[in-house]
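Encoded as structure tokens, the structure appears first; notes follow it.
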Amino acid sequence: MMNTSKDNNISNLLLMGWTSHFQEQLENFSNKDITPARVIGVRKNSFLVSDGNNEWLATVAGRLRIDTGSMYPVTGDWVIMNGSVISRVLVRRNTLSRGASGTRNKQDAQPQKEQVIAANLDTVFIVTGLDRDYNLRRIERYLTLIWNCGINPVIILTKADLHQEPLNFVNEVESVAFGVPVYLISAYEDTCLKSLEPYLAKGQTTTMVGSSGAGKSTLLNRLYSKEIQLTSPISIHDGKGKHTTTSRHMAVMPQGGMLIDNPGIREIAFWEVDKGMGSAFPEIEAIGKECRFTNCSHTHEPGCMVLGAVEEGKISIDRLENFRKMKREMEYLSDRQHKSADRVEKERWKDITMQIKTIKKRNSGFKH
Ligand SMILES: Nc1nc2c(ncn2[C@@H]2O[C@H](COP(=O)(O)OP(=O)(O)OP(=O)(O)O)[C@@H](O)[C@H]2O)c(=O)[nH]1
Ligand SMILES: [Mg+2]
Ligand SMILES: [Zn+2]
């Protein structure tokens, strides 16, 4: 059979991560002559899209802009194009989401809005520099965030060249990572970069999260073998990055897959509440099942097995404190999400009651 241009297009899409999940959504379109594309960059209201053959700039249809819900296109989204206008965002496989910063109010310590960092991901690299950026508790937070979103985390410890014995960090991180792969790399010395290649293979989409200055863009450049992203030194005063990367950009890598660079994250606020805690703190959850009280908060209760494990040195108190803090945040979020679901239900009943009233009125009018 001849290779038609349509077949060519599909094979290009497959390389970019197109799957049956997206193909099936096309079956619902009556017009069969449609162009799917992937959002590979977002800057305010302009989007860079690619069909694997060409890249072009796009805007969104007015309808999508009004409906500012979570279906506004983000980097990694698969969309339906109408020339240079995005007319539809296809249902996502997953999203890496967090609570948007700056959306808390006084009464509420938790964020009010979701921020989707990227969509349709296979892996998230947690990039940590082995300088002042290194922080076990922050790694635990990232793990919880990513597990909550149902995506696979991978931990990358970079700047290994700064230390004589960088393996000590790996051992420490592995003790809180519970089977999550940990890679020790140096973007300066190209150490172990080859071991990251499976995450960049054809059809794979990976995104990077981490603080500003962690070394995300430097890593992308090294893996790409070309300086495609700007980088800049961290401040000598506080060791923090300068927020060099300001937009989300997806690079189609020479290895065949896609790697998304992100701006440094200042604050890891949760949005999704799912299995994250259980996956990030499996030993606390397991020991916690043996506590005397089923809803034990592992703070002061008699017969608390978790506190016992801390006493015996099996669990560090810092780790337990981080667990408790996150648990409180999750409970609060889930509580609020249930409350708002209740509110929606109440409003629905209000509507129905109104409709019944109108019908009754109309009917009584007929009698006269
Ligand atoms: N010693 C050492 N320095 C590194 C390494 N990787 C990155 N750096 C340096 O760390 C600094 C910050 O790197 P960037 O890649 O700009 O960091 P980023 O994570 O992209 O930061 P933002 O874009 O601000 O979020 C730069 O000066 C890099 O040269 C490494 O492997 N070893
Ligand atoms: Mg950067
Ligand atoms: Zn307990």
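Both ligands and their constituent atoms are indexed starting at 1 by order of listing. Here, residue 1 is the first one in the sequence, and each next residue gets the next number.
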field: Side chain R141, main chain I268, donor-acceptor under 3.5 Å
entry: yes
Note: SG(C291)-the Zn ion (ligand 3)-SG(C296) angle, rounded to 10 degrees, equals 120°
A student checking ligand 1 against L162 at a 4.0 Å heavy-atom cut-off should list atoms 1 (N)
Test salt bridge (charged side-chain N to carboxylate O under 4.0 Å, His left out), reference D77, set R92, R93, R88, output is R92
Ranking K216, K240, K159 by closest non-hydrogen atom to atom 19 (O) of ligand 1, top hit is K216
Taking only non-hydrogen atoms of S211 and a 4.0 Å limit, the atoms of ligand 1 in range are 19 (O)
Taking only non-hydrogen atoms of S212 and a 4.0 Å limit, the atoms of ligand 1 in range are 21 (O), 22 (P), 24 (O), 25 (O)
Looking at P233, A160, G129, G264, the heavy atom closest to atom 27 (O) of ligand 1 belongs to P233
In ligand 1, the atoms that come under 4.0 Å of a heavy atom of D161 are 1 (N), 2 (C), 30 (C), 31 (O), 32 (N)
So the atoms of ligand 1 within less than 4.0 Å of a heavy atom of S186 turn out to be 31 (O)
Flag, side chain of K242 to backbone of P233, donor-acceptor distance under 3.5 Å
yes
A student checking ligand 1 against H243 at a 4.0 Å heavy-atom cut-off should list atoms 24 (O)
With a 3.5 Å distance limit and no angle check, can you tell me whether W56 reaches the backbone of G83 through a side-chain donor-acceptor pair?
yes
Which atom of H298 is nearest the Zn ion (ligand 3), counting N, O or S only? It is ND1
Within the 2.8 Å cut-off the protein N, O or S neighbours of the Mg ion (ligand 2) are S217 OG, T245 OG1
When rounded to the nearest 0.5 Å, the distance separating OG1 of T95 from CG of L121 is 8.5 Å
*Are the side chain of D133 and the backbone of T128 linked by a donor-acceptor contact shorter than 3.5 Å?*
no
Please set out all donor-acceptor pairs under 3.5 angstrom arising from side-chain atoms of residues 178-189, sequence neighbours excluded.
residue: Y183; atom: OH; partner: Y199; partner atom: OH; Å: 2.9
residue: S186; atom: OG; partner: D161; partner atom: OD1; Å: 2.7
residue: S186; atom: OG; partner: Y188; partner atom: N; Å: 3.2
residue: S186; atom: OG; partner: E189; partner atom: N; Å: 3.0

Q.
Under a 3.5 Å threshold, yes or no: a donor from one side chain and an acceptor from the other, between R43 and T246?
A. no
Would you say G241 has any N or O atom under 3.5 Å from an N or O of ligand 1, going by distance alone? no
For A214, the ligand 1 atoms with a heavy-atom partner under 4.0 Å come out as 17 (O), 19 (O)
_Test your reading of the structure: does D261 have an N or O sitting under 3.5 Å from an N or O of ligand 1?_
no
Restricting to heavy atoms, the pick from I265, L220, T218 nearest atom 6 (N) of ligand 1 would be T218
If hydrophobic clusters are built from ILVMFWY residues whose side chains come within less than 4.5 Å, do V74 and V85 share one? no
> Does any donor atom in the side chain of T231 or S217 lie under 3.5 Å from an acceptor atom in the other side chain?
Replying inline: no
Of all protein heavy atoms, the one nearest atom 29 (O) of ligand 1 is Y188 OH, 2.5 Å
| said: Would you say T207 and N262 are linked by a side-chain donor-acceptor pair, where the criterion is simply a distance under 3.5 Å? | reply: yes
Contact region, T231 to ligand 1, non-hydrogen atoms below 4.0 Å, reads both
N148 side chain to G276 main-chain N or O, any donor-acceptor pair under 3.5 Å?
yes
query: For ligand 1, is there an N or O atom under 3.5 Å from any N or O atom of G213?
result: yes
Requested in this report: Report yes if T245 has an N/O atom closer than 3.5 Å to an N/O atom of ligand 1; otherwise report no.
Outcome: yes
Among G215, A187, S232, closest by heavy atom to atom 11 (C) of ligand 1 is S232
So the atoms of ligand 1 within less than 4.0 Å of a heavy atom of T158 turn out to be 31 (O)
